[in-house]
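To start, the structure itself, in structure tokens.
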Protein chains: 2
Amino acid sequence: MLDHVVANAKRPSARVGQGSSLLAVAGEARVHPSTVSRILRDDPAVRVRPATRQRVIAAAAALGYVPNANARGLALRRTTTLGLIIPSTANIVYEQIIKGAESAARAAGYVLVLAESADVGQVDSAHRELILGGRVDGLLIASGTLRESLPRAVLNGVNNTIILNRRIRGSVPSIIEDDERGMARGVEHLVALGHTRIACLAGPEEVDTATRRLSGFKEALRAAGLPVSRGYIQRASFDEAGGYEAMLRLLQLERRPTAVAASSIVAAIGALAACHATGVSVPGELSMIAFHDATIAQYLTPSLSTIWMPLFELGEMATRQLLEVIDGRDIPSVQRLQDPEPRVIPRASTAPPPAD
Amino acid sequence: MLDHVVANAKRPSARVGQGSSLLAVAGEARVHPSTVSRILRDDPAVRVRPATRQRVIAAAAALGYVPNANARGLALRRTTTLGLIIPSTANIVYEQIIKGAESAARAAGYVLVLAESADVGQVDSAHRELILGGRVDGLLIASGTLRESLPRAVLNGVNNTIILNRRIRGSVPSIIEDDERGMARGVEHLVALGHTRIACLAGPEEVDTATRRLSGFKEALRAAGLPVSRGYIQRASFDEAGGYEAMLRLLQLERRPTAVAASSIVAAIGALAACHATGVSVPGELSMIAFHDATIAQYLTPSLSTIWMPLFELGEMATRQLLEVIDGRDIPSVQRLQDPEPRVIPRASTAPPPAD
DNA sequence: TTCCGTTGGACAAGCGCTTGATCATCGGCC
DNA sequence: GGCCGATGATCAAGCGCTTGTCCAACGGAA
């Protein structure tokens with residue numbers, strides 16, 4: 001009855017690049033493959049003699065058995081794999097999100113794979129490949145360029161998808177950080193230092209996070225009884241070059257600000273460079289604080305004051321919510337992460353305004 | 001004969017989160033599933049009437065058919081997926097490697113997935129999961145902490161693996177950049193500016209690239225007829241903190257160097273910060289050049305001279321070599337990427353030594 | 001001794017796709 | 001008119017794993 005198994009066991013793994021099969025383990029332990037499967041998966045509905053269990057486990061270990069993910073995925077129609085799409089690995093902001101997602105996925109027994117997709121078209125095709133192709137059970141999308149439009153498939157009700165840090169029309173749930181509050185904290189820090197002429201390096205108009213940060217900026221100014229001057233709000237792309245140029249524009253104003261709140265730490269790095277290039281002393285003549293913290297902040301000159309946001313927790317929470325969706329539970333359409341509160345990390349780039 | 005197909009076509013995709021099946025497309029086009037498969041894969045051994053082909057293609061498009069990767073992977077025993085393991089997405093150096101690998105993979109019709117694995121243990125388990133589990137056809141490993149030891153499975157002849165930028169004992173092929181030459185170019189740049197007291201921020205002793213860069217440093221000094229002073233070689237981990245501390249040690253020498261070649265741009269950022277913290281002017285009192293270029297280099301103060309290395313091409317080449325291995329062809333054990341040559345990108349951090 | 005409930009496993013179908021083998025149909029040729 | 005080679009598809013097995021079902025053997029109770 002088991003002859004096919006035994007026969008197979010005599011020929012140990014002809015294929016290269018892949019592990020030994022259930023059949024091989026079964027042959028080694030002299031049981032049926034299904035028994036091996038049940039034992040290795042800890043199937044509660046299985047009753048085996050302890051000795052058999054040991055034999056199977058030993059055989060699996062001896063052969064270095066690793067189940068074939070494709071076969072398992074096919075049979076189970078799930079893969080215990082989650083995907084995370086990011087626009088670029090280069091952006092330091094994603095570091096913590098990735099680590100948080102990875103941590104939550106691992107804790108739930110899932111594998112996390114990353115895919116880099118710069119534009120919406122790429123996100124669309126990656127989404128199709130991954131979700132429709134059955135490669136992953138769910139997808140986290142952290143695309144900066146993702147605006148109001150979304151991949152067709154996503155909108156067509158093919159879900160198991162969560163958007164990170166963007167609110168999108170439609171049924172795709174998203175989880176966002178409390179950008180308003182974070183930016184407000186930054187402005188409050190500047191106000192507390194005595195600044196009254198505070199400018200904002202705002203992000204691109206179409207980006208949701210940029211909008212939220214800008215509105216946090218305005219609100220905080222109003223709350224402090226300060227005017228929101230039109231010229232003090234400069235749009236800047238979320239990269240060094242954007243920050244550099246926007247800063248130059250601010251410095252050309254006849255009445256310069258004494259402090260700048262940047263919506264992006266990357267843009268702030270560019271802005272800092274613009275100050276050095278034009279001989280503007282930071283924080284002597286101008287204070288600067290940036291949204292999001294990163295290792296490099298303390299190694300810049302001057303070290304950069306930042307607004308720390310719970311990005312690790314954002315990645316974790318998004319992953320946990322995704323797992324809820326996968327398990328068929330409903331979750332709110334938009335959730336805002338409030339718990340670890342935004343926190344200003346004061347460094348050398350912020351100081352009281354010049355006596356002037 | 002086709003009744004099962006038609007029956008299935010009446011129930012359009014009961015499963016959620018996955019696409020329509022071959023069966024559904026076959027039902028829609030009123031042909032056998034195998035015919036659909038052949039047409040969609042452009043099987044040269046298939047002969048179909050143009051009208052049928054059109055019907056099938058239209059049906060697939062109408063249903064938004066995406067083949068199930070697990071089923072295909074199971075049948076084909078390959079997945080058209082490549083994995084790239086990196087220690088951390090945070091490291092700016094990996095950005096270009098990732099882009100290069102992604103580009104070469106895409107050009108060959110492969111999907112690239114990234115996995116973050118910090119230590120050797122994690123690399124080992126990720127390797128098992130991915131290769132033995134049949135999730136990927138091949139793996140690129142760009143682990144910084146990977147030293148002389150490698151995952152067991154890799155060493156056990158389970159290949160389809162390429163190591164990036166580390167030479168490892170054993171049969172795993174690796175492809176490396178020309179670190180010696182790159183570092184030599186940096187030193188030559190400093191020598192040409194008139195420096196004679198040149199120090200090196202060397203990387204960790206156990207890391208292969210660090211060793212190669214250091215030997216390039218020494219050779220270049222010898223070639224220039226300059227002495228290699230013991231104290232001028234300071235080990236520093238490849239991060240900001242490591243560069244910061246190593247730089248402080250250099251600055252405490254009674255006879256300070258007038259120039260520093262850093263083995264890592266990240267460490268150089270830390271080193272620059274150390275100079276600012278101790279009031280050492282760069283490049284007034286000390287010139288600095290860093291190995292590897294990155295966007296941030298031109299936004300630092302002063303902007304940082306760097307040694308550009310062909311990292312994009314490294315990622316591309318490694319991927320192409322991996323595909324060779326997958327296709328069963330032999331490749332050399334260690335290959336050094338020479339073609340786009342290392343190039344010094346001079347910026348403000350390097351200048352002639354002080355008149356002193 | 002006989003019957004029956006447990007225990008410890010084996011059996012087989014099926015997940016969606018690929019592919020070598022097979023087969024019906026049809027026009028052309030002698 | 002019968003045979004044959006193309007043509008244009010269908011059939012069926014199998015990839016490795018999971019899981020509902022089934023079955024042999026065994027021990028205890030009547």
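The chains referred to below are lettered A, B, ... by the order of the sequence lines, with proteins before strands, and numbering in each begins at 1. In this text, all values refer to a predicted model and were calculated from it rather than measured experimentally. All values below were derived from every heavy atom in this structure, side-chain atoms included, with hydrogens, water molecules and symmetry-related copies excluded.
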Could you state the atom-to-atom distance from [atom1] of [X] to [atom2] of [N] in whole Å?
| X | N | atom1 | atom2 | answer |
| --- | --- | --- | --- | --- |
| A:L23 | C:dC11 | CG | C1' | 13 Å |
| A:D42 | D:dT18 | CG | P | 12 Å |
| A:N68 | C:dC15 | CG | C1' | 13 Å |
| A:L132 | C:dG16 | CG | P | 14 Å |
| B:L40 | C:dT19 | CG | P | 13 Å |
| A:L22 | C:dC11 | CG | C1' | 15 Å |
| A:I39 | D:dC17 | CD1 | P | 15 Å |
| B:R77 | C:dG16 | CZ | C1' | 15 Å |

Query raised in the report: What's the spacing between A:T52 OG1 and A:R30 CZ if we round to 0.5 Å?
Result: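 Rounded to the nearest 0.5 Å, the OG1-CZ separation comes to 12.5 Å.
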
| request: Starting at NE2 of B:H127, measure out to CD1 of B:I85 and round the result to the nearest 0.5 Å. | output: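 Atom-to-atom, B:H127:NE2 and B:I85:CD1 are 7.0 Å apart.
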
For this session: Answer with base, sugar-phosphate or nothing: what part of the nucleic acid does A:L76 contact at a heavy-atom distance below 4.0 Å?
Result: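 Touches sugar-phosphate only.
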
Check your understanding: So does B:R320 pair up with B:E324, basic N to acidic O under 4.0 Å?
Key ->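 No, this pair does not count.
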
**Item:** Lys/Arg N to Asp/Glu carboxylate O, B:D327 vs B:R329, below 4.0 Å
**Value:**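 Counted as a salt bridge, because a side-chain N and a carboxylate O are separated by less than 4.0 Å.
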
Do any side-chain nitrogens or oxygens of [X] fall under 4.0 Å of OP1 or OP2 in [N]?
| X | N | result |
| --- | --- | --- |
| B:Y65 | C:dG16 | no |
| B:S37 | C:dT18 | yes |
| B:R41 | C:dT18 | yes |
| B:S34 | C:dT18 | no |

- Task: Indicate the atoms forming the closest heavy-atom contact of A:M317 with A:L337, along with that distance.
- Result: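 Closest pair (atom of A:M317, atom of A:L337, distance): SD-CD1, 3.4 Å.
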
Given C:dC15, C:dA12, D:dC17, which nucleotide is nearest the side-chain atoms of A:R72?
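Nearest to the side chain of A:R72 among the choices is D:dC17.
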
Quick check for you: among C:dC11, C:dC17, C:dG9, whose closest atom lies nearest to any side-chain atom of A:H32?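 In terms of side-chain proximity for A:H32, the closest of C:dC11, C:dC17, C:dG9 is C:dC11.
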
Residue whose closest nucleotide on DNA chain C lies nearer the 5' end, B:R47 versus B:R38 =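 Closest to the 5' end, via its nearest nucleotide, is B:R38.
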
By nearest heavy atom, map B:A75 and B:T52 onto DNA chain D; which one lands nearer the 5' end?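 Nearest-nucleotide comparison on DNA chain D picks B:T52.
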
